[in-house]
Amino acid sequence: MKTLQLAISCAGLVTSVGLDTNSTCAALRCRLNNFVELDDIDYDAEPLVGAPVPMADFDQSGVAKLAAMAASAIAQTLRAQPGRNLIDIPLLLCVAEPGRAGRLVDLDSALFGALANHFPHGFHAESAIIAAGKSGVALALTRASRMLSGSPYPAVMIVAADTFLNYGTVAANLASDRMMATEVRAGFIPGEAAGALLVTRSDIQADVELVVFALASTTEEATFAADLPLRANGLTAAIKSAAKKADAHPDDLAICLSDVSGEDYYFEELALAQARARIEAQLWLPAESVGETGSVIGCIQIAWLLDARGQFYLPGNSALLLTSDDDGRRTASILAFQYSKAYTAAALAQDHINDLINEGVANVT
């Protein structure tokens, strides 16, 4: 497959099922959740269910909690890559889309400022905010590709922090019957999370790295709110565009990670797009464990891929990552693990030795 020469070095996560990447991915692997009853009630006076991040210092969602979560995710990536300094690395902060109901007031500037207070040296001058909801990380990867190809930056840090648990968002989605409630079974469970990805240039000498092979973005006319027949034209076009850019066949894709989180519309769209693009890969749905996490979903998808390879439960080498936003934006990304020739040769040699051992021809001393 063709490559963008862009690699994901490491990831950090803070979610309702784990305050770090390892615990979160362990829960995702087992399809565990930490859904709890919220203080809010539905129209039948029954408590709503949500997926809040259990942080002792915060009783409710808000900018301060989002900043603390994001700072923790960043710290995880910096610990995984010692020697990195945020003052030398542009930071792209992904947050909720401007049109989201109940969006926190002055979210962009307030969160950026609150997050900067967690780091004594501040952020790189080229840091920026990407307010694009669930497609934010895919758009940030596109921007990071341009930044790394045309500048001497050693890396780019992509950070996302989002919540659907603030009162305005809960009330608006409850009123529109989009949230799971007593009378709404095909709704999403509101959650919150933060994530961070350290993005670097692809290194052909590296033993193994997760490489971004293609990024595609399209627009769906038959959106959730539009009175048009749904044919999944937008998501299908995004998948086909990404596959063409990566020079990949549908059979090459072993995993499909989608952002669908419970609503009929998006499940139907996903099914239609998979059928039309002939995608038969295993389907992984992070929202089963963490609920609706908005702009953080891209970080969760990628972190889960990294963990799956590290823990040896990855069903294949290539993955398709999908997102669909309420405003019609659809993204498809193709990522795959790339191995150096030396690493591959060593692995093949070890496999041959293991075969001999299993056949009783060789002994382990």
Side-chain angles (χ1 to χ4, degrees), residues 13-19 24 27-28 31-55 58-70 73 94-105 107 111 131-137 160-195 224-225 258-267 285-301 323-327:
L13 291 178
V14 175
T15 70
S16 60
V17 292
L19 299 182
T24 292
L28 290 170
R31 286 12 180 216
L32 300 177
N33 66 65
N34 190 27
F35 299 150
V36 298
E37 293 185 349
L38 305 175
D39 294 334
D40 306 287
I41 60 174
D42 63 20
Y43 296 121
D44 290 305
E46 295 293 333
L48 294 169
V49 174
V53 172
M55 297 183 74
F58 300 94
D59 295 328
Q60 59 185 5
S61 299
V63 169
K65 185 177 183 181
L66 289 176
M69 290 158 51
C94 303
V95 298
E97 65 278 16
R100 183 186 299 175
R103 190 177 193 264
L104 295 170
V105 178
L107 173 64
L111 180 55
K134 292 189 284 187
S135 58
V137 169
D162 208 343
T163 180
F164 276 75
L165 292 169
N166 52 299
Y167 175 77
T169 302
V170 169
N173 284 289
L174 181 62
S176 59
D177 292 332
R178 298 191 61 184
M179 188 181 302
M180 185 174 287
T182 304
E183 300 297 329
V184 182
R185 306 318 298 168
F188 67 80
I189 293 176
E192 62 184 359
F224 182 88
S258 170
D259 64 339
V260 295
S261 56
E263 295 179 276
D264 284 343
Y265 170 90
Y266 290 109
F267 271 109
L285 303 176
E288 290 180 330
S289 295
V290 298
E292 177 58 77
T293 55
S295 64
V296 190
I297 186 62
C299 291
I300 297 173
Q301 291 172 333
T323 67
S324 297
D325 276 295
D326 290 347
D327 64 2

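With a 4.5 Å cut-off on side-chain heavy atoms, Pro286 and Ile297 count as touching. Using a 4.5 Å cut-off on side-chain heavy atoms (C-beta onward), Leu174 and Leu48 make contact. The side-chain heavy atoms of Arg103 and Val95, taken from C-beta on, include a pair separated by under 4.5 Å. Side-chain contact between Val170 and Phe164: absent, with no pair of heavy atoms (C-beta onward) separated by less than 4.5 Å. Here the side chains of Leu165 and Leu38 are in contact, with some heavy-atom distance below 4.5 Å.
Once rounded to the nearest 0.5 Å, the distance linking CG of Leu104 with CG of Leu111 reads 9.0 Å. In this structure, CG in Asp42 is found 3.5 Å from OG1 in Thr182, a value given to the nearest 0.5 Å. With rounding to the nearest 0.5 angstrom, the OG atom of Ser261 is 11.0 Å from the CD atom of Glu288. Rounding to the nearest 0.5 Å places CG of Asn33 at 7.0 Å from CD1 of Ile189.
In terms of heavy-atom proximity, Ala96 sits nearest to Ala131 at O-CB, 3.6 Å. Nearest approach of Ser295 to Ala160, heavy atoms of both residues: O-CB, 3.5 Å. Gln301 approaches Ser258 most closely through the heavy-atom pair NE2-C, 3.7 Å. Scanning all heavy atoms of the two residues, the minimum distance from Ala132 to Glu97 falls at C-CB, 4.1 Å. Summarising the geometry of Gly187 relative to Glu263, their closest heavy-atom pair is CA-CG, 4.4 Å, with the distance given to 0.1 Å. Taking all atoms of both residues into account, the shortest heavy-atom contact from Ser289 to Ala27 is OG-O, 3.8 Å.
Residues Thr163 and Asn166 have side chains that never bring a donor and an acceptor to within less than 3.5 angstrom of each other. Glu192 and Ser61 are linked by a side-chain donor-acceptor pair at a separation below 3.5 angstrom, with hydrogens and angles left out of the test. For the residue pair Asp325 / Ser135, a side-chain donor-acceptor distance below 3.5 Å is found, with atom types taken as modelled. Between the side chains of Asp326 and Tyr266, at least one donor-acceptor pair of N or O atoms lies under 3.5 Å.
Of the possible polar contacts, one joining the Glu292 side chain to the Gly294 backbone as a donor-acceptor pair under 3.5 Å is found. Judged by distance alone, with hydrogens and angles left aside, the side-chain atoms of Arg185 form no donor-acceptor pair with the main-chain N or O of Met180 at under 3.5 Å. Side-chain atoms of Thr24 do not come within 3.5 Å of backbone N or O of Leu13 as any donor-acceptor pair.
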Does the pair Val184 and Tyr43 meet the rule for a side chain to side chain contact (heavy atoms under 4.5 Å, CB included), with working shown?
-> CA-CA 11 Å; Val184 182; Tyr43 296 121; over 6 Å; no
Can Val53 and Lys65 be said to form a side chain to side chain contact (heavy atoms under 4.5 Å, CB included), step by step?
-> CA-CA 9 Å; Val53 172; Lys65 185 177 183 181; 4.2 Å; yes
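Exactly one of Thr293, Val296, Asp259 qualifies for a side-chain contact (heavy atoms from CB on, under 4.5 Å) with Lys134. That residue is Asp259. Tested against Arg100 for a side-chain hydrogen bond (donor to acceptor under 3.5 Å, both in side chains), the candidates Asp162, Asn173, Thr169 yield a single pass: Asp162.
Remark: Arg178 is positioned above the aromatic ring of Phe224, its terminal NZ or CZ atom under 6.0 angstrom from the ring centre and at most 45 degrees off the axis.
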